Amino acid sequence: MTNANTESPEVSAPSNFLREQIAEDVRTRKFGDAVIQTRFPPEPNGYLHIGHAKAIFLDFGLADEFGGKTNLRFDDTNPEKEETEYVESIMKDVRWLGFEWEKLRYASDYFAQLYEWALQLIKAGKAYVDDLSAEEIRRYRGTLTEPGRDSPYRNRAVEENLDLFERMKAGEFPDGSRVLRAKIDMASPNLNLRDPVMYRILHATHHRTGDAWCIYPMYDFAHGQSDSIEKVTHSMCTLEFADHQPLYKWYIAQLGIFPSQQIEFDRLNLTYTLLSKRRLLQLVEEGHVRGWDDPRMPTLSGIRRRGFTPEAIRAFVASVGATRTNGIVDIEMLEHFQRDDLNRRAARAMAVLRPLKLVIDNYPEGQEELVEVANNPEDASAGTRGVPFSRELFIEQEDFRETPPPKYYRLSPGKEVRLRNAYFITATSVQRSADGSLEVHCTYDPKSRGGNSPDGRKVKSTMHWVSARHAITAEIRLYDKLFLKPDPGDVAEGGSFLDNLNPSSLEIVSDAKLEPSLGSAKPGDRFQFERVGYFCVDPDSSETRKIFNRTLALKDSWAKIEKKAES
RNA sequence: UGGGCGAUCGUUCAAUGGUAGGACAGUGCCCUUUGGAGGCACUUAUCCAGGUUCGAAUCCUGGUCGCCCAGCCA
């Protein structure tokens, strides 16, 4: 495994219990000479989301720290839900985060071995074929407070079990007619140990093994053994599998195979975000979003298209850490790390989302010039570029008020402000242009070229602008939270999480005016539109029409002041 | 109501028997050619009750609260 991100922003990695456990196991040589081996084991039944990023950074990152290796293993034991499309997207996402797996494996690689192990357990009297229906098995299992009862088929002879199991494999029986179960303890307080199902009959075509099998192992009879086969030393998974650990150990002990160790950590939860594959699938299928990679989706493909970076996700995940407590992380935390990363790296540009014409009456008609602008004030090595300036400009509508409210520093009649990197201007009047639209007239101070006045007078505000004659027109997609509530699942009786969908999560601005240099931007390129936010070029763009996604808005303290004044 | 796991600022993560600290959010000030960024300051926490100890967030006991488990899903 290699880690492409080791040189990325210093993330103070606080100690966590996983790291400490591994360190101790190394110290005590729990696994002898074996190197630390982990695995990332998604089921290919959907797209990866930000929650998986945490698991990925833990699985790959921790192994890397200890000089170990990580496999990518698809847990593909349920042919009814799994598809090659998902396998491919998952590989793409893992690589995008900056990781390369040691070995690519599938649980289905181990179907033959797993079958042999099942036979071994049958022969040892530890497994039996049960003819009970699913419904009957459920009833015999008992409840949380009452013990279960033995199936009438529990004590079948080994020979009969062998015969029946082989015939299950041969396809003699219909789906659901029989299962293979482990013979453990129907009275166990842990329901997972009440004779768990090992194999079920499924006449379904598997995305990799096709129709070679019609019996498929359950998760519990595949996961631990797959770990063991791969000599996984630390098998990290989320908390809801803690109850499965005794079973995980039971199979390994009965089979006498490599003792992989399962360790559970908490799942990532985010405010205003849904991280359930089932519901995400519903959003896609019912058309509430434009697809798995809709920039509003918490999928890795969605936030990638939105403009998020692997480096920011890594810093975020590191700060969130891993524990065994279940909580919900404020989405602002993720946004902070993303802004922090983009602030350092994103090239600056000027773009006016909602144009208002500004005419400089004392600037000679027909004249134009190039003003020099820093590509990134945070990074001198990013250099400078020339931006065309002329008599007629576009400024942001919200940067002008005919009657300014208190504390409004921007342009209003009689007020002087700075056009960034260009000149000081003073608004003189508001007029209707020939086509009926509003335009603001002003005068400029030629001696303030570059943005400083020679007499040292100051202005309260600096505004971005675009030369009307040189501007390119583009579409800009402004995204807001997909859900209105911090917990999208917080719904009234009989309601659905869909009731919490934000009706204005997408706003399309179709005629934004951008500085001409943006005409050569390529899909995926990221920018900070000064004073507005971070944006990236959407793959829907064409040569003639650029489309930008807003990754995040800049923090807006004026909006805060204005809001406070209202209340 | 059986079993498992957990509980520290509003949120998140530390403190591994010895000064409860960082980050996010919030508030105020400074600075600023982005009302961005940056700097400084401030506010706020050990679930409760007992016990052990010179000393407890940490160990013990008893409560309370939260999450997970009754798929032939993973």
Side-chain angles (χ1 to χ4, degrees), chain A residues 12 14-16 20 41-43 45 75-78 80-82 130 132-135 137-139 141-148 175-181 188-194 196-202 216 218-220 222-223 237-246 264 266-267 271 277-278 316 318-337 339-340 343-344 348 350 373-374 377-378 407-410 418-422 450-452 458-464 528-533 553-561:
Chain A
S12 57
S15 65
N16 70 48
E20 287 176 9
E43 182 188 15
N45 68 342
D75 249 341
D76 56 350
T77 54
N78 183 356
E80 294 180 326
K81 291 187 176 174
E82 296 148 8
D130 196 340
L132 253 27
S133 69
E135 167 62 19
I137 286 181
R138 189 178 63 75
R139 281 207 307 272
R141 185 156 31 228
T143 69
L144 293 177
T145 52
E146 304 159 68
D175 289 6
S177 57
R178 285 175 229 265
V179 291
L180 182 72
R181 301 177 73 179
S188 172
N190 182 340
L191 299 248
N192 293 119
L193 263 19
R194 318 244 265 227
V197 171
M198 296 164 58
Y199 270 93
R200 75 284 213 187
I201 301 171
L202 245 31
Y216 291 91
M218 297 287 289
Y219 164 84
D220 285 307
H223 198 92
C237 62
T238 44
L239 242 24
E240 68 270 23
F241 290 99
D243 288 342
H244 294 246
Q245 193 177 141
E264 311 88 13
D266 63 320
R267 196 179 255 284
T271 57
K277 274 189 190 175
R278 205 192 92 241
F316 164 70
S319 111
V320 157
T323 65
R324 289 176 73 87
T325 68
N326 25 37
I328 179 157
V329 178
D330 200 324
I331 187 75
E332 303 240 32
M333 186 92 82
L334 206 213
E335 296 178 349
H336 161 77
F337 284 102
R339 286 196 184 95
D340 190 49
N343 178 51
R344 272 193 296 266
R348 311 293 137 120
M350 290 197 286
V373 175
E378 302 287 316
K407 291 192 183 154
Y408 186 81
Y409 298 156
R410 281 112 100 146
R418 169 168 39 233
L419 292 178
R420 184 143 161 92
N421 297 296
N452 281 307
K458 305 240 185 249
V459 290
K460 280 277 223 182
S461 184
T462 299
M463 298 171 8
H464 61 283
Q528 183 199 96
F529 291 170
E530 289 196 86
R531 301 208 309 133
V532 180
L554 247 33
K555 285 205 194 170
D556 188 348
S557 47
W558 164 242
K560 209 175 273 183
I561 294 167

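Order of the sequence lines sets the chain letters (A, B, ...), proteins ahead of strands, with each chain counted from 1. Every value quoted in this text rests on a predicted model; they were computed, and no experiment measured them.
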message = If the condition is side-chain contact (heavy atoms from CB on, under 4.5 Å), which residues does A/Met218 pass it with, not counting sequence neighbours?
response = A/Val197, A/Arg200

task = Scan nucleotides 23-30 of chain B nucleotide by nucleotide, 5' to 3', and note B when protein non-hydrogen atoms come under 4.0 Å of the base, S if they reach only the sugar-phosphate, - if neither.
result = -SSSSS--

request  = Could you tell me whether the side chain of A/Pro246 reaches within less than 4.5 Å of the side chain of A/Asn192, counting heavy atoms only?
outcome  = no

inquiry  = I want to check one thing: is the phosphate of B/C13, taken as OP1 and OP2, less than 4.0 Å away from some side-chain N or O of A/Thr325?
reply    = yes

inquiry  = Less than 4.0 angstrom from a charged side-chain N to a carboxylate O is my criterion; do A/Glu43 and A/Lys81 meet it?
reply    = no

message = Measuring only the C1' atom in each nucleotide, how far is B/A7 from B/U12? A whole number of Å is fine.
response = 14 Å

ask   = Taking the same atom, C1', in B/A15 and in B/U58, what whole-Å distance lies between them?
value = 9 Å

Gap in Å between the two P atoms, one belonging to B/C72 and one to B/C59, rounded = 38 Å

message = Quick one, A/Arg531 and A/Met350 - any side-chain contact, counting heavy atoms below 4.5 Å?
response = no

inquiry  = What's A/Ala322 touching, base or sugar-phosphate or nothing? Going by heavy atoms closer than 4.0 Å.
reply    = sugar-phosphate

remark   = Those residues at least two apart in sequence (or on a different chain) that pass side-chain contact (heavy atoms from CB on, under 4.5 Å) with A/Asp75 are A/Pro41, A/Arg73, A/Ala107, A/Tyr219, A/His223

query = Roughly how many Å is it from CD1 in A/Ile328 to C1' in B/U11, rounded to a whole number?
reply = 10 Å

ask   = If you look at every strand shown and take non-hydrogen atoms under 4.0 Å, does A/Tyr408 touch a base, only sugar-phosphate, or nothing?
value = base

query = Which one, B/U34, B/C13, B/A70, comes nearest to the side chain of A/Glu530?
reply = B/U34

inquiry  = If you assign each of A/Thr143 and A/Asp340 to its closest nucleotide in RNA chain B, which residue comes earlier from the 5' end?
reply    = A/Asp340

inquiry  = So if I take every side-chain heavy atom of A/Asn326 and compare against B/A70, B/G36, B/C67, which nucleotide ends up nearest?
reply    = B/C67

message = Rounded to whole Å, how long is the line connecting atom NZ of A/Lys407 with atom P of B/G35?
response = 16 Å

note = When A/Thr145 and A/Gln528 are each assigned the nearest nucleotide of RNA chain B, the 5'-most assignment goes to A/Thr145

message = Nearest whole Å is fine: how far is B/G36 C1' from A/Met463 CE?
response = 16 Å

Nucleotide B/G39, atom P - distance to CD of A/Glu378 in whole Å = 11 Å

Each nucleotide N or O in nucleotides 40-43 of chain B that has a protein N or O under 3.5 Å away: list the pair and distance.
none

request  = Under 3.5 Å for both distances, Watson-Crick or G-U wobble, that's the pair rule; now give the dot-bracket for RNA chain B, with | marking pairs to another strand and [ ] for crossing ones.
outcome  = .((((((..((((....[..)))).(((((.......)))))....(((((..]....))))))))))).....

message = Apply the syn/anti split at 90° from 0 to B/G71 and say which one it is.
response = syn

Might you list the N or O atoms of the protein lying below 3.5 Å from N or O atoms in nucleotides 72-74 of chain B, with each pair's distance?
residue: B/C72; atom: OP1; partner: A/Arg141; partner atom: NH2; Å: 3.4
residue: B/C72; atom: OP2; partner: A/Arg141; partner atom: NH1; Å: 3.1
residue: B/C72; atom: N3; partner: A/Gly176; partner atom: O; Å: 3.4
residue: B/C72; atom: N4; partner: A/Leu132; partner atom: O; Å: 3.0
residue: B/C72; atom: N4; partner: A/Ala134; partner atom: N; Å: 3.1
residue: B/C72; atom: N4; partner: A/Gly176; partner atom: O; Å: 3.0
residue: B/C73; atom: OP2; partner: A/Arg200; partner atom: NE; Å: 2.9
residue: B/C73; atom: OP2; partner: A/Arg200; partner atom: NH2; Å: 2.9
residue: B/C73; atom: O3'; partner: A/Arg200; partner atom: NH2; Å: 3.1
residue: B/C73; atom: O2'; partner: A/Asn78; partner atom: ND2; Å: 2.9
residue: B/A74; atom: OP1; partner: A/Thr77; partner atom: OG1; Å: 2.7
residue: B/A74; atom: OP1; partner: A/Arg200; partner atom: NH1; Å: 3.3
residue: B/A74; atom: OP1; partner: A/Arg200; partner atom: NH2; Å: 2.9
residue: B/A74; atom: OP2; partner: A/Tyr219; partner atom: N; Å: 2.9
residue: B/A74; atom: N6; partner: A/His244; partner atom: NE2; Å: 3.2

query = To the nearest Å, how far apart are A/Arg418 CZ and B/U34 C1'?
reply = 10 Å

request  = Nearest whole angstrom, please: distance from the P of B/G2 to the CD of A/Glu146.
outcome  = 12 Å

